[in-house]
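For this chain, numbers begin at 1 and follow the sequence in order. When reading the values below, keep in mind they use all heavy atoms of this one structure, side chains included, and skip hydrogens, waters and symmetry mates.
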Amino acid sequence: MTLPPLPTPHGEKLAALAQNTKLPPQDEERVKQAQARYESWRRESLSTTTGTRYEVIQRLVHGLNEYKRAVDIDLIFDSDADWLYRQKGQTKLDNSIIEEFLPMLVTAVFGEELSGDILRLGPTTCFSSLRFESSIARASRGAGLSVRSKDQDFAISRPVYIMASHYPDFRDASTQQTQIAYIAAECKTNLDKTMFQEAAATAQDVKVAVPGAQYFLLCEWLDMTPISTSLTPIDEILILRKAKRLPSNVRKSFSTSAGRKRHREAFAAHLDNHPFAEDVFMRWIQHVERTVMADSLDTQKALSEGYF
């Protein structure tokens with residue numbers, strides 16, 4: 001058995017962009033070129049499987065840097081129209097690249113260990129909590145089972161099917177399906193304090209649902225003063241470019257074509273001087289490994305060694 005086909009959240013965003021009626025005509029060809037680059041990037045990433053772990057990560061991150069630069073500069077920043085830049089938050093081209101990259105990275109590193117299971121990798125909706133909307137006044141169908149789920153930008157998860165009834169033969173039952181996240185990650189282009197607080201709340205839900213789960217916050221650029229994660233349920237925050245984003249007094253000029261042309265050199269230099277860091281992705285992979293490769297408790301070993 002092999003893993004299900006890897007998700008294509010970024011490819012889907014590009015396809016939707018190409019069909020968007022608000023896309024300026026002068027950008028249509030740019031989007032077609034971006035789609036061709038995307039297909040090439042994905043094909044090369046999926047074929048990167050040989051070599052040491054570091055060599056695989058190195059090649060994948062190199063391809064990520066090249067592709068992300070092409071989207072950021074060639075597609076968006078260099079456009080003579082302003083729509084693509086101003087609508088980045090709506091088109092979601094930024095963080096969807098990382099959402100698509102993480103499953104390819106995990107598969108390249110752990111393919112053999114993850115195959116033969118029903119694990120799923122990538123963006124999904126995962127179990128958060130459940131409650132029973134029932135009362136003494138009447139017996140609700142399925143005991144009023146209500147499952148709450150939360151979208152995760154990336155998760156290593158398995159499907160779970162939950163059935164509830166007031167009766168031992170499960171008549172008048174309610175059945176719901178969701179995913180259980182064992183590793184979850186939120187992907188942000190820029191991380192600010194509000195996003196940090198929201199992520200901490202989500203991490204709490206994930207870990208209440210699955211006590212052994214891990215939750216990470218991955219951001220491209222930092223936009224806040226670092227805060228210790230030790231007092232939160234977040235396992236770690238990883239700054240993928242090891243840098244803060246450009247100051248707001250520079251970024252405010254990017255909303256117009258003239259301003260982008262004036263600051264293009266500074267923007268390109270900021271990207272090139274702060275590429276996605278191979279060692280940060282390596283660190284995240286090591287975190288993932290501790291969960292993927294975790295063994296069940298060996299009671300005899302615990303007794304012989306004196307700890308567990």
For [X] and [Y], test the side chains for any donor-to-acceptor distance below 3.5 angstrom and give the result as yes or no.
{"X": "Arg120", "Y": "Gln179", "answer": "yes"}
{"X": "His62", "Y": "Glu66", "answer": "yes"}
{"X": "His287", "Y": "Arg290", "answer": "yes"}
{"X": "Glu100", "Y": "Tyr38", "answer": "yes"}
{"X": "Asp27", "Y": "Ser79", "answer": "yes"}
{"X": "Glu278", "Y": "Tyr54", "answer": "yes"}
{"X": "Ser149", "Y": "Thr178", "answer": "yes"}

Do other residues, nucleotides or ligands put more than 12 heavy atoms under 6.0 Å from the CD atom of Glu305?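 Counting other residues, nucleotides and ligands, CD of Glu305 exceeds 12 neighbours.
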Neighbour count above 12 (heavy atom, 6.0 Å) for Arg251 CZ: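 Buried by this count: over 12 neighbours within 6.0 Å.
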Check this for me: does any side-chain nitrogen of one of [X] and [Y] sit under 4.0 Å from a carboxylate oxygen of the other?
{"X": "Lys13", "Y": "Glu99", "value": "no"}
{"X": "Lys68", "Y": "Glu220", "value": "yes"}
{"X": "Glu55", "Y": "Arg53", "value": "no"}
{"X": "Lys188", "Y": "Asp153", "value": "no"}
{"X": "Arg30", "Y": "Glu28", "value": "no"}
{"X": "Lys261", "Y": "Asp78", "value": "no"}

Common cluster, [X]/[Y], ILVMFWY with side-chain heavy-atom separation under 4.5 Å:
{"X": "Val206", "Y": "Val210", "value": "no"}
{"X": "Phe216", "Y": "Leu191", "value": "no"}
{"X": "Phe276", "Y": "Leu246", "value": "yes"}
{"X": "Ile239", "Y": "Trp221", "value": "no"}
{"X": "Ile156", "Y": "Ile57", "value": "yes"}

Counting N and O atoms only, with roles assigned by atom type, does the side chain of [X] sit under 3.5 Å from a partner on the main chain of [Y], one being a donor and the other an acceptor?
{"X": "Gln176", "Y": "Leu145", "value": "yes"}
{"X": "Ser40", "Y": "Ala36", "value": "no"}
{"X": "Thr256", "Y": "Gly259", "value": "yes"}
{"X": "Arg148", "Y": "Ser128", "value": "no"}
{"X": "Lys207", "Y": "Pro233", "value": "yes"}
{"X": "Arg241", "Y": "His274", "value": "yes"}
{"X": "Asn95", "Y": "Cys187", "value": "yes"}
{"X": "Thr49", "Y": "Ala108", "value": "no"}

Side chains of [X] and [Y]: closer than 4.5 Å at any heavy-atom pair?
{"X": "Leu93", "Y": "Ile97", "value": "no"}
{"X": "Ser157", "Y": "Ile180", "value": "no"}
{"X": "Met224", "Y": "Leu222", "value": "yes"}
{"X": "Ser257", "Y": "Asp82", "value": "yes"}
{"X": "Met104", "Y": "Leu46", "value": "yes"}
{"X": "Leu84", "Y": "Leu23", "value": "yes"}
{"X": "Arg42", "Y": "Glu44", "value": "no"}
{"X": "Arg69", "Y": "Asp272", "value": "yes"}

Any chance you could measure [X], atom [atom1], to [Y], atom [atom2], to the nearest 0.5 Å?
{"X": "Leu238", "Y": "Leu218", "atom1": "CG", "atom2": "CG", "answer": "5.0 Å"}
{"X": "Asn65", "Y": "Leu240", "atom1": "CG", "atom2": "CG", "answer": "10.0 Å"}
{"X": "Lys244", "Y": "His270", "atom1": "NZ", "atom2": "NE2", "answer": "11.0 Å"}
{"X": "Leu121", "Y": "Thr124", "atom1": "CG", "atom2": "OG1", "answer": "10.5 Å"}
{"X": "Asp223", "Y": "Phe196", "atom1": "CG", "atom2": "CZ", "answer": "14.5 Å"}
{"X": "Thr189", "Y": "Asp72", "atom1": "OG1", "atom2": "CG", "answer": "8.5 Å"}

Specify whether Phe101 and Trp41 have parallel, tilted or perpendicular ring planes, treating 30° as the upper limit for parallel and 60° as the lower limit for perpendicular.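 Taking Trp41 first and then Phe101, their aromatic rings lie parallel (interplane angle under 30°).
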Anything under 30° is parallel, anything over 60° is perpendicular, the rest tilted; go ahead and classify Trp284 against Phe154.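 The arrangement is perpendicular - the two ring planes meet at more than 60°.
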If I compare all heavy atoms of [X] with all of [Y], which pair ends up nearest, and what's the gap?
{"X": "Pro24", "Y": "Trp83", "value": "CG-CB, 3.6 Å"}
{"X": "Phe132", "Y": "Ala164", "value": "CE2-CB, 4.0 Å"}
{"X": "Ala34", "Y": "Leu75", "value": "CB-CD2, 4.0 Å"}
{"X": "Ala143", "Y": "His166", "value": "CA-NE2, 3.3 Å"}
{"X": "Asn190", "Y": "Met195", "value": "O-SD, 2.8 Å"}
{"X": "Gln35", "Y": "Ala15", "value": "NE2-CA, 3.7 Å"}

Run the side-chain contact (heavy atoms from CB on, under 4.5 Å) test on Thr125 and Gln152 for me, step by step, so that the C-alpha distance in whole Å, both residues' side-chain angles and the decisive distance to 0.1 Å come before the verdict. CA-CA 6 Å; Thr125 301; Gln152 303 293 346; over 6 Å; no
After noting the C-alpha distance and the side-chain angles of Phe254 and Arg262, does the key distance pass the side-chain contact (heavy atoms from CB on, under 4.5 Å) rule? CA-CA 9 Å; Phe254 294 172; Arg262 190 164 60 250; over 6 Å; no
Determine, step by step, whether Phe110 and Ile285 satisfy the side-chain contact (heavy atoms from CB on, under 4.5 Å) criterion, reporting the C-alpha distance in whole Å, the side-chain angles of both residues, the deciding distance to 0.1 Å, and the verdict. CA-CA 9 Å; Phe110 300 110; Ile285 283 294; 3.8 Å; yes
Among Leu60, Leu64, Val109, whose side-chain contact (heavy atoms from CB on, under 4.5 Å) with Phe281 holds?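 Testing Phe281 for a side-chain contact (heavy atoms from CB on, under 4.5 Å) against Leu60, Leu64, Val109 leaves exactly one candidate, Leu64.
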May I have the step-by-step check of side-chain contact (heavy atoms from CB on, under 4.5 Å) for Tyr215 and Glu186, ending in yes or no? CA-CA 8 Å; Tyr215 185 92; Glu186 185 90 4; 3.4 Å; yes
Within 45° of the ring axis of Phe267 and under 6.0 Å from its six-membered ring centre, is that where the NZ or CZ of Arg260 lies?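 No, Arg260 does not lie over the aromatic ring of Phe267.
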